[in-house]
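Take a look at the structure below.
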Amino acid sequence: REGWGFMDAYRDTVPTVLLTGGTLTTEAWMPENIVYQLWAGTITAPGVYKLQGSCADGQVLVEIDKAEKAQLVLAGLTLTCQSSAPLYVLSADKVSLTLAPDTVNTFTDGKAYTAAFEKQPNACICSRDDLVINGTGTLNVQGNFNNGIGTKNDLRIAGGVITVSAVKNALKGNDSVAIQNGAITLTAGKDAIKADNEDKPDKGYVYIAGGDIRITAGDDAIQATQDVTITGGALTVTATGKAGNSKGSQDIASGVINGK
(Lines give C-alpha, C1' and ligand atoms only; values in the text may rest on other atoms or scores of the structure.)
Protein backbone atom coordinates (compact mmCIF):
# COMPACT_ATOMS: atom_id res chain seq x y z
CA ARG A 1 0.00 0.00 0.00
CA GLU A 2 1.14 3.55 -0.65
CA GLY A 3 1.82 6.23 1.92
CA TRP A 4 2.77 4.56 5.18
CA GLY A 5 3.16 8.08 6.61
CA PHE A 6 5.61 7.28 9.39
CA MET A 7 7.00 10.25 11.30
CA ASP A 8 10.70 11.00 11.59
CA ALA A 9 12.82 9.62 14.40
CA TYR A 10 12.35 11.61 17.58
CA ARG A 11 14.83 14.06 19.05
CA ASP A 12 16.28 13.57 22.52
CA THR A 13 15.29 17.10 23.55
CA VAL A 14 11.50 17.01 23.66
CA PRO A 15 8.92 17.77 26.35
CA THR A 16 8.70 14.91 28.84
CA VAL A 17 5.51 13.77 30.56
CA LEU A 18 6.45 12.02 33.80
CA LEU A 19 4.04 9.60 35.46
CA THR A 20 4.73 8.94 39.11
CA GLY A 21 2.21 7.00 41.14
CA GLY A 22 -1.10 8.74 40.49
CA THR A 23 0.41 12.02 39.28
CA LEU A 24 1.14 13.28 35.78
CA THR A 25 3.60 16.16 35.50
CA THR A 26 5.54 17.85 32.71
CA GLU A 27 8.69 19.90 32.37
CA ALA A 28 8.08 23.44 33.55
CA TRP A 29 9.33 25.05 30.35
CA MET A 30 6.45 23.77 28.26
CA PRO A 31 3.35 23.37 30.46
CA GLU A 32 0.87 25.05 28.13
CA ASN A 33 0.73 22.05 25.79
CA ILE A 34 -0.64 19.69 28.42
CA VAL A 35 -3.77 20.30 30.47
CA TYR A 36 -4.32 18.33 33.68
CA GLN A 37 -7.66 17.52 35.20
CA LEU A 38 -7.87 15.13 38.13
CA TRP A 39 -6.23 11.90 36.93
CA ALA A 40 -6.00 12.71 33.20
CA GLY A 41 -3.45 14.67 31.19
CA THR A 42 -4.51 16.05 27.81
CA ILE A 43 -2.03 16.95 25.07
CA THR A 44 -3.54 19.97 23.35
CA ALA A 45 -0.89 21.04 20.84
CA PRO A 46 0.90 19.23 18.00
CA GLY A 47 4.51 18.19 18.45
CA VAL A 48 6.73 15.52 19.94
CA TYR A 49 6.31 14.35 23.55
CA LYS A 50 8.24 11.77 25.54
CA LEU A 51 6.23 9.73 28.06
CA GLN A 52 7.87 7.77 30.86
CA GLY A 53 7.26 6.56 34.39
CA SER A 54 4.28 4.72 35.84
CA CYS A 55 0.75 5.42 37.00
CA ALA A 56 -1.61 2.88 38.61
CA ASP A 57 -4.78 4.70 37.57
CA GLY A 58 -4.44 7.51 35.05
CA GLN A 59 -5.07 8.47 31.45
CA VAL A 60 -3.30 10.31 28.65
CA LEU A 61 -5.55 12.04 26.12
CA VAL A 62 -4.62 13.65 22.82
CA GLU A 63 -6.94 16.37 21.57
CA ILE A 64 -5.43 18.52 18.85
CA ASP A 65 -6.70 20.03 15.62
CA LYS A 66 -7.80 17.51 12.98
CA ALA A 67 -5.14 18.88 10.63
CA GLU A 68 -2.26 18.46 13.11
CA LYS A 69 0.04 15.58 14.09
CA ALA A 70 1.58 14.42 17.36
CA GLN A 71 4.34 11.96 18.13
CA LEU A 72 4.40 10.25 21.52
CA VAL A 73 7.76 8.71 22.33
CA LEU A 74 7.18 5.89 24.80
CA ALA A 75 10.38 5.71 26.82
CA GLY A 76 9.62 3.33 29.67
CA LEU A 77 5.96 3.87 30.44
CA THR A 78 3.58 1.78 32.54
CA LEU A 79 0.05 3.16 32.49
CA THR A 80 -3.12 1.59 33.84
CA CYS A 81 -6.60 3.10 33.70
CA GLN A 82 -9.23 1.36 35.80
CA SER A 83 -12.27 3.06 34.21
CA SER A 84 -11.35 3.80 30.58
CA ALA A 85 -8.64 3.55 27.94
CA PRO A 86 -5.24 4.56 29.35
CA LEU A 87 -4.39 6.23 26.02
CA TYR A 88 -7.18 7.84 24.01
CA VAL A 89 -6.72 10.03 20.93
CA LEU A 90 -9.87 12.15 20.70
CA SER A 91 -8.80 14.16 17.65
CA ALA A 92 -5.76 14.59 15.41
CA ASP A 93 -4.75 14.09 11.82
CA LYS A 94 -2.32 11.38 12.90
CA VAL A 95 -0.62 10.22 16.09
CA SER A 96 2.58 8.19 16.08
CA LEU A 97 3.64 6.03 19.01
CA THR A 98 7.40 5.60 18.86
CA LEU A 99 8.82 2.81 21.02
CA ALA A 100 12.16 4.10 22.26
CA PRO A 101 15.09 1.65 22.04
CA ASP A 102 15.65 -0.66 25.01
CA THR A 103 12.43 0.37 26.78
CA VAL A 104 9.37 -1.59 27.90
CA ASN A 105 6.00 0.15 27.74
CA THR A 106 2.82 -1.36 29.17
CA PHE A 107 -0.83 -0.31 28.90
CA THR A 108 -3.67 -1.94 30.83
CA ASP A 109 -7.36 -1.05 31.03
CA GLY A 110 -10.13 -2.07 33.40
CA LYS A 111 -12.93 -4.55 32.76
CA ALA A 112 -15.54 -1.76 32.54
CA TYR A 113 -15.38 1.76 31.06
CA THR A 114 -17.26 4.18 33.32
CA ALA A 115 -15.45 7.47 32.60
CA ALA A 116 -17.70 9.90 30.77
CA PHE A 117 -16.91 10.72 27.13
CA GLU A 118 -19.20 11.92 24.35
CA LYS A 119 -17.73 9.13 22.21
CA GLN A 120 -16.56 6.23 24.31
CA PRO A 121 -13.28 4.47 23.50
CA ASN A 122 -13.44 0.77 22.70
CA ALA A 123 -9.79 -0.27 23.03
CA CYS A 124 -7.00 -0.10 25.58
CA ILE A 125 -5.04 2.09 23.16
CA CYS A 126 -7.75 3.88 21.22
CA SER A 127 -7.67 6.53 18.51
CA ARG A 128 -10.45 8.21 16.59
CA ASP A 129 -7.95 9.07 13.85
CA ASP A 130 -4.89 7.54 12.16
CA LEU A 131 -2.47 5.72 14.47
CA VAL A 132 1.10 4.67 13.67
CA ILE A 133 3.33 2.48 15.85
CA ASN A 134 7.06 2.43 15.13
CA GLY A 135 10.45 2.16 16.84
CA THR A 136 12.41 -0.74 18.28
CA GLY A 137 11.26 -0.88 21.92
CA THR A 138 8.67 -3.12 23.53
CA LEU A 139 4.92 -2.47 23.78
CA ASN A 140 2.63 -4.62 25.92
CA VAL A 141 -1.13 -4.07 25.78
CA GLN A 142 -3.71 -5.81 27.95
CA GLY A 143 -7.25 -5.12 26.75
CA ASN A 144 -9.58 -6.30 29.50
CA PHE A 145 -12.71 -4.49 28.31
CA ASN A 146 -12.89 -4.83 24.52
CA ASN A 147 -10.12 -4.43 21.93
CA GLY A 148 -6.38 -4.15 22.47
CA ILE A 149 -5.27 -1.46 19.98
CA GLY A 150 -7.99 0.17 17.91
CA THR A 151 -8.61 3.14 15.64
CA LYS A 152 -11.59 4.48 13.75
CA ASN A 153 -9.31 5.19 10.78
CA ASP A 154 -6.02 3.55 9.70
CA LEU A 155 -3.71 1.53 11.97
CA ARG A 156 -0.10 1.17 10.82
CA ILE A 157 2.67 -0.85 12.49
CA ALA A 158 6.24 -0.31 11.27
CA GLY A 159 8.23 -2.03 13.99
CA GLY A 160 8.73 -2.89 17.63
CA VAL A 161 8.28 -5.87 19.90
CA ILE A 162 4.53 -5.82 20.43
CA THR A 163 2.38 -8.11 22.55
CA VAL A 164 -1.38 -7.57 22.64
CA SER A 165 -4.00 -9.57 24.54
CA ALA A 166 -7.66 -8.62 24.30
CA VAL A 167 -11.05 -10.06 25.17
CA LYS A 168 -12.26 -9.17 21.66
CA ASN A 169 -9.97 -8.03 18.81
CA ALA A 170 -6.24 -7.58 19.36
CA LEU A 171 -5.67 -5.10 16.48
CA LYS A 172 -8.62 -3.28 14.93
CA GLY A 173 -8.58 -0.52 12.35
CA ASN A 174 -12.00 0.49 11.11
CA ASP A 175 -10.52 1.67 7.80
CA SER A 176 -7.46 -0.58 7.60
CA VAL A 177 -4.66 -2.42 9.39
CA ALA A 178 -1.23 -2.45 7.74
CA ILE A 179 1.90 -4.10 9.15
CA GLN A 180 5.33 -3.43 7.70
CA ASN A 181 7.58 -4.99 10.34
CA GLY A 182 7.84 -6.01 13.97
CA ALA A 183 7.83 -9.00 16.30
CA ILE A 184 4.13 -9.18 17.12
CA THR A 185 2.27 -11.59 19.40
CA LEU A 186 -1.52 -11.38 19.42
CA THR A 187 -4.00 -13.19 21.64
CA ALA A 188 -7.66 -12.42 20.99
CA GLY A 189 -10.98 -13.73 22.25
CA LYS A 190 -12.45 -12.85 18.85
CA ASP A 191 -10.50 -11.84 15.71
CA ALA A 192 -6.80 -11.07 16.09
CA ILE A 193 -6.53 -8.53 13.23
CA LYS A 194 -9.68 -6.85 11.95
CA ALA A 195 -10.73 -4.08 9.55
CA ASP A 196 -14.47 -3.57 9.15
CA ASN A 197 -15.31 -0.46 7.12
CA GLU A 198 -18.12 -1.55 4.80
CA ASP A 199 -18.97 1.91 3.45
CA LYS A 200 -15.87 2.72 1.35
CA PRO A 201 -14.59 0.30 -1.30
CA ASP A 202 -10.97 1.42 -0.78
CA LYS A 203 -11.12 0.80 2.98
CA GLY A 204 -11.78 -2.17 5.22
CA TYR A 205 -8.58 -3.98 4.20
CA VAL A 206 -5.68 -5.72 5.94
CA TYR A 207 -2.22 -5.49 4.39
CA ILE A 208 0.89 -7.24 5.73
CA ALA A 209 4.29 -6.73 4.12
CA GLY A 210 6.55 -8.16 6.81
CA GLY A 211 7.10 -9.00 10.45
CA ASP A 212 7.11 -12.08 12.65
CA ILE A 213 3.47 -12.35 13.73
CA ARG A 214 2.20 -15.01 16.13
CA ILE A 215 -1.56 -15.25 16.49
CA THR A 216 -3.92 -17.08 18.82
CA ALA A 217 -7.54 -16.21 18.06
CA GLY A 218 -10.93 -17.33 19.34
CA ASP A 219 -12.37 -16.60 15.89
CA ASP A 220 -10.49 -15.56 12.72
CA ALA A 221 -6.79 -14.72 12.70
CA ILE A 222 -7.42 -11.98 10.10
CA GLN A 223 -10.78 -10.57 9.10
CA ALA A 224 -11.53 -7.81 6.60
CA THR A 225 -14.68 -6.52 4.96
CA GLN A 226 -12.72 -5.85 1.76
CA ASP A 227 -9.32 -7.38 0.92
CA VAL A 228 -6.62 -9.33 2.76
CA THR A 229 -3.18 -8.93 1.17
CA ILE A 230 -0.04 -10.57 2.59
CA THR A 231 3.14 -10.11 0.56
CA GLY A 232 5.74 -11.04 3.16
CA GLY A 233 6.53 -11.79 6.77
CA ALA A 234 5.95 -14.96 8.75
CA LEU A 235 2.62 -15.70 10.44
CA THR A 236 2.14 -18.52 12.91
CA VAL A 237 -1.59 -18.99 13.44
CA THR A 238 -3.77 -20.87 15.87
CA ALA A 239 -7.39 -19.88 15.26
CA THR A 240 -10.82 -21.37 15.89
CA GLY A 241 -12.02 -19.69 12.71
CA LYS A 242 -10.13 -19.02 9.49
CA ALA A 243 -6.55 -17.84 9.00
CA GLY A 244 -7.89 -15.22 6.58
CA ASN A 245 -11.52 -14.22 6.12
CA SER A 246 -12.76 -11.44 3.85
CA LYS A 247 -15.68 -10.46 1.66
CA GLY A 248 -13.25 -9.24 -0.99
CA SER A 249 -10.14 -10.78 -2.47
CA GLN A 250 -7.40 -12.66 -0.65
CA ASP A 251 -3.89 -12.34 -2.06
CA ILE A 252 -1.60 -14.27 0.26
CA ALA A 253 1.97 -15.11 -0.68
CA SER A 254 2.86 -18.78 -0.58
CA GLY A 255 4.39 -20.08 2.63
CA VAL A 256 3.90 -17.02 4.83
CA ILE A 257 1.17 -18.59 7.01
CA ASN A 258 1.85 -21.61 9.16
CA GLY A 259 -1.01 -23.29 11.01
CA LYS A 260 -4.66 -22.36 10.98
Side-chain angles (χ1 to χ4, degrees), residues 10 14-64 69-92 95-100 103-129 131-133 135 137-152 155 160 162-168 170 172:
Y10 72 95
V14 298
T16 300
V17 182
L18 301 173
L19 288 81
T20 306
T23 304
L24 293 80
T25 59
T26 187
E27 293 175 341
W29 58 272
M30 205 170 183
E32 69 276 8
N33 287 356
I34 304 176
V35 176
Y36 299 98
Q37 184 176 10
L38 297 177
W39 48 278
T42 304
I43 294 172
T44 59
V48 184
Y49 300 86
K50 183 167 67 174
L51 279 65
Q52 61 186 112
S54 63
C55 184
D57 191 12
Q59 187 175 47
V60 173
L61 307 173
V62 179
E63 190 169 16
I64 61 178
K69 298 177 176 64
Q71 184 178 19
L72 308 184
V73 179
L74 307 183
L77 174 68
T78 299
L79 180 57
T80 297
C81 186
Q82 304 292 347
S83 59
S84 187
L87 176 58
Y88 187 18
V89 179
L90 292 153
S91 65
V95 170
S96 291
L97 305 181
T98 297
L99 309 176
T103 66
V104 176
N105 306 277
T106 301
F107 293 82
T108 306
D109 63 2
K111 294 182 179 181
Y113 283 12
T114 58
F117 287 98
E118 182 179 351
K119 296 180 179 179
Q120 285 289 345
N122 62 357
C124 183
I125 293 178
C126 186
S127 177
R128 302 202 65 79
D129 296 287
L131 184 67
V132 175
I133 300 173
T138 296
L139 175 64
N140 300 317
V141 178
Q142 180 65 53
N144 295 310
F145 171 66
N146 195 326
N147 302 317
I149 301 174
T151 173
K152 290 295 184 182
L155 173 61
I162 300 169
T163 300
V164 182
S165 296
V167 296
K168 288 193 177 180
K172 184 177 180 184

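Note that the numbering runs from 1 along the sequence shown for the chain. Not measured: the values here are computed from a predicted model.
Side-chain atoms of Q142 and N144 form a donor-acceptor pair, as typed in the model, at a separation below 3.5 Å.
Side chains of L77 and V60 form no contact here, defined as non-hydrogen atoms less than 4.5 Å apart. With a 4.5 Å cut-off on side-chain heavy atoms, V167 and N147 do not count as touching. Within the 4.5 Å cutoff, the side chain of N122 has heavy atoms near those of the K152 side chain. Considering only heavy atoms from C-beta on, L155 comes within 4.5 Å of I149 through its side chain. The shortest side-chain heavy-atom distance between L99 and I133 falls under the 4.5 Å cut-off.
Remark: D109 CG to L79 CG distance equals 10.5 Å, nearest 0.5 Å. Between the OG1 atom in T151 and the NZ atom in K172 there is a gap of 11.0 Å [rounded to 0.5 Å]. Distance check: L87 CG to Q59 CD gives 8.5 Å after rounding to the nearest 0.5 Å. Interatomic distance, S84 OG to D57 CG, rounded to the nearest 0.5 Å: 10.0 Å. Separation of atoms OG1 (T44) and CD1 (I64) is listed at 9.0 Å; rounding is to 0.5 Å. Here the straight-line distance linking atom CG of L51 with atom CG of N105 works out to 9.0 Å at 0.5 Å rounding.
Counting all heavy atoms, side chain and backbone alike, A123 lies closest to A85 at O-CB, 3.1 Å. Of all the heavy atoms in A166 and G148, the pair that sits closest is CB-N, 3.4 Å. Contact record, P121 with F145: O-CE2, 4.4 Å, taken as the closest heavy-atom pair.
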| field | side-chain contact (heavy atoms from CB on, under 4.5 Å) evaluation trace for C124 with C126 | value | CA-CA 6 Å; C124 183; C126 186; over 6 Å; no
| side-chain contact (heavy atoms from CB on, under 4.5 Å) evaluation trace for D129 with S91 | CA-CA 6 Å; D129 296 287; S91 65; 4.3 Å; yes
| task | Run the numbers on V62 and L72 for side-chain contact (heavy atoms from CB on, under 4.5 Å), then give the verdict. | result | CA-CA 10 Å; V62 179; L72 308 184; 4.1 Å; yes
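Residues forming a side-chain hydrogen bond (donor to acceptor under 3.5 Å, both in side chains) with N146 (at least two apart in sequence, or on another chain): none. Evaluation of the ring pair (Phe, Tyr, Trp, His ring centres under 6.0 Å) rule for Y88 yields F117 as partners, not counting sequence neighbours.
Side-chain atoms of Q120 do not come within 3.5 Å of backbone N or O of T114 as any donor-acceptor pair.
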